[in-house]
Novice: 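One structure follows; several queries about it will come next.
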Amino acid sequence: MENFVYLCDERNKPKTMDKLFFELIRVSTGQLDCLSRGAEPEEWQELYQLAHQHQLAGVCYRGAQALFEFGLRVPHELIIDWMAEAEQIEEQNALLTQRCIEVQQLLLTKNFKSSVLMGQGVARDYSESLQMLRQPDGTALLVTGDKAGVQALLDTWDDEEIQLHDSIETSKNPYRKWVLDRWFEKNDKALFVKDGEMVRPSASMNLIFQLIRLHRLFLYQGITLRDLMDFFFALKRVAGHGRASTINYEKVIKSLGLLGFSRGVIWVMQEVFGLGEEEQIVKPLESQGTFILHEVMAGRHRFFRLAMKHPVEMLCSLLP
């Protein structure tokens, strides 16, 4: 194991469980074969709790399974509970995916065009063995068509699992919002691409959308490692489409004012998820990356710490 970050708690003591947890994540996603050491029974319990905290219980169960081959076994009672939870997540995903496809087909019959931006659309970027183990969190659909019709649909729609939106949330900073909204308007065709029975953003559009969403969540709500894993698999999807020969991602990201943040996220991708150098769309920036990772692992949104780093954005977050 190399290049892992040791985070610190309030007393500035190394949190070695974070390192082991990052290794488990890499095992779960196929980036690593085995942990650097076996976990004690109480440590497995802590790993399980971390997986819950970061909405990765299902994905990390796959990693726990893979470790059996190396003689690293989760305590019996815990693995039974973990397995039951993973099966429940798979069932929820199956139902939600079918529901999402049905809703898109229904919208199409009523002349509404839609795209799955979050939830089941994002899950499709995951490797085949993990798609049904991504923690479901509802699904967001972007809906377009006649403005009056869309508004009437939104006014009457009442479904917590499938949320309909007529626009993409970008930023509370008025200038940044203007820049991002203009970019989406110019590239709106890439938001609606047929993918099997589902319509969702293209690989390149999804990558930019996920980055913008991460930035918004990081500043205004807080993010988990599951949110970052979504971006990891978006990068994998792009790499599989031969991104280097088609799009200059650094140029696009810089034009959107997200270069510094994206370089920090790529550093996290490298350090936590084991992203390869050939899959990095911008050069990683350690100083920004460590700040992002510390905030993520803190497990809560820390307004004043963020305000010291991003004062303008945090002031904008107070706007109604």
Side-chain angles (χ1 to χ4, degrees), residues 3 22 24-33 56 58-60 62-63 66 90 93 97 100-101 104 115-136 139-140 142 183-184 187-215 223 225-254 256 258-259 261-284 289:
N3 294 328
F22 297 160
L24 178 60
I25 288 173
R26 289 195 186 191
V27 171
S28 303
T29 57
Q31 298 294 107
L32 191 66
D33 290 331
L56 290 175
V59 170
C60 287
R62 182 66 75 227
E90 288 180 316
N93 273 312
T97 296
C100 182
I101 292 171
Q104 282 204 303
S115 178
V116 186
L117 297 182
M118 288 305 305
Q120 303 315 102
V122 172
R124 287 207 171 187
D125 289 342
Y126 280 51
S127 58
E128 188 174 348
S129 65
L130 295 178
Q131 286 183 12
M132 301 302 284
L133 288 169
R134 178 187 179 273
Q135 183 71 41
T139 295
L142 176 67
W183 186 83
F184 277 119
N187 297 278
D188 65 324
K189 288 184 179 179
L191 283 165
F192 303 90
V193 177
K194 186 73 172 174
D195 181 15
E197 296 179 282
M198 194 177 287
V199 175
R200 64 185 186 127
S202 68
S204 55
M205 170 58 80
N206 179 59
L207 185 67
I208 300 299
F209 169 75
Q210 290 291 336
L211 182 62
I212 292 169
R213 177 178 177 272
L214 271 180
H215 186 250
I223 57 179
L225 288 176
R226 200 282 311 276
D227 297 311
L228 288 163
M229 184 176 285
D230 288 348
F231 189 69
F232 170 76
F233 280 110
L235 286 165
K236 287 285 190 179
R237 179 185 173 195
V238 160
H241 283 69
R243 61 154 182 87
S245 61
T246 57
I247 296 176
N248 185 333
Y249 282 98
E250 183 169 350
K251 183 178 180 180
V252 173
I253 291 168
K254 187 175 182 179
L256 299 177
L258 294 172
L259 185 57
F261 178 75
S262 67
R263 290 184 65 192
V265 169
I266 292 298
W267 184 87
V268 175
M269 295 294 105
Q270 172 185 280
E271 295 295 319
V272 175
F273 298 95
L275 186 74
E277 186 175 348
E278 70 283 358
E279 299 166 324
Q280 297 175 8
I281 54 173
V282 295
K283 291 182 179 179

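Computed from a predicted model, the values in this text were never measured in an experiment.
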Novice: Decide yes or no for Arg134 and Arg226: does some side-chain heavy atom of the first lie under 4.5 Å from some side-chain heavy atom of the second?
Specialist: yes
Novice: Backbone N or O of Leu191 within a donor-acceptor pair of the Ser115 side chain at under 3.5 Å?
Specialist: yes
Novice: So how far is it from Tyr249 OH to Leu207 CG, rounded to the nearest 0.5 Å?
Specialist: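 The OH atom of Tyr249 sits 5.5 Å away from the CG atom of Leu207.
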Novice: Supply the atom-to-atom distance Leu275 CG to Lys236 NZ, rounded to the nearest 0.5 angstrom.
Specialist: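 Leu275 atom CG to Lys236 atom NZ measures 6.5 Å (nearest 0.5 Å).
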Novice: So, for Trp183 and Asn187, which heavy atoms are closest and what is the spacing to 0.1 Å?
Specialist: O-ND2, 2.7 Å
Novice: Which atom pair, heavy atoms only, marks the closest approach of Gly63 to Leu24?
Specialist: C-CD1, 4.0 Å
Novice: So which atom in Ala190 and which in Val193 form the shortest heavy-atom distance, rounded to 0.1 Å?
Specialist: O-CG2, 3.8 Å
Novice: Does a side-chain heavy-atom distance below 4.5 Å link Gln280 with Arg263?
Specialist: no
Novice: With a cut-off of 6.0 Å (strictly less than), are more than 12 heavy atoms of other residues, nucleotides or ligands near NZ of Lys194?
Specialist: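 More than 12 heavy atoms, drawn from other residues, nucleotides or ligands, come within 6.0 Å of this atom.
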Novice: Pairs under 3.5 angstrom only: tabulate donor-acceptor contacts from the side chains of residues 195-205 to other protein residues two or more places apart or in another chain.
Specialist:
residue : atom : partner : partner atom : Å
Asp195  : OD2  : Arg200  : NE           : 2.7
Asp195  : OD2  : Arg200  : NH2          : 3.1
Arg200  : NH1  : Gly121  : O            : 2.8
Arg200  : NH1  : Asp125  : OD1          : 2.8
Arg200  : NH2  : Asp125  : OD1          : 3.3
Ser202  : OG   : Ser204  : OG           : 3.4
Ser202  : OG   : Met205  : N            : 3.2

Novice: Would you indicate whether the side-chain heavy atoms of Gln120 and Ile101 approach each other to under 4.5 Å?
Specialist: no
Novice: Could you grab the distance from atom CE of Met229 to atom CG of Leu56, nearest 0.5 Å is fine?
Specialist: 4.5 Å
Novice: State, to 0.1 Å, how close Val268 and Leu228 come at their nearest heavy-atom pair, and which atoms those are.
Specialist: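 Result for this residue pair: CG1-CD1, 4.0 Å.
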Novice: When the side chains of residues 126-133 are checked against the rest of the protein, which donor-acceptor pairs come out under 3.5 Å, sequence neighbours left out?
Specialist:
residue : atom : partner : partner atom : Å
Tyr126  : OH   : Asp230  : OD1          : 2.5
Gln131  : NE2  : Arg124  : O            : 3.3
Gln131  : NE2  : Tyr126  : O            : 3.2

Novice: Quick one: are Leu211 and Leu256 in side-chain contact, heavy atoms under 4.5 Å?
Specialist: no
Novice: For the residue pair Phe273 and Phe232, does the interplanar ring angle fall in the parallel (under 30°), tilted (30 to 60°) or perpendicular (over 60°) class?
Specialist: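 If you compare the ring of Phe273 with that of Phe232, the planes turn out parallel.
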Novice: Measure across Cys100 and Val116 and return the closest heavy-atom pair with its distance rounded to 0.1 Å.
Specialist: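 So the two residues come closest at SG-CG2, 3.5 Å.
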Novice: Where do Gln31 and Gly274 come nearest, in terms of heavy atoms and distance?
Specialist: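 Heavy atoms of Gln31 and Gly274 come nearest at NE2-O, 2.9 Å.
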Novice: Could you give me the CA-CA distance, side-chain angles and deciding distance for Glu279 and Leu235, then say whether side chain to side chain contact (heavy atoms under 4.5 Å, CB included) is met?
Specialist: CA-CA 7 Å; Glu279 299 166 324; Leu235 286 165; 5.5 Å; no
Novice: How many angstroms lie between atom CG of Leu258 and atom CD of Glu250, to the nearest 0.5 angstrom?
Specialist: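 Rounded to the nearest 0.5 Å, the CG-CD separation comes out at 12.5 Å.
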Novice: To the nearest 0.5 Å, what is the distance between NZ on Lys251 and CG on Leu259?
Specialist: 14.0 Å
Novice: How long is the span from the CE atom in Met269 to the CZ atom in Phe233, to the nearest 0.5 Å?
Specialist: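 Here the rounded value is 10.5 Å.
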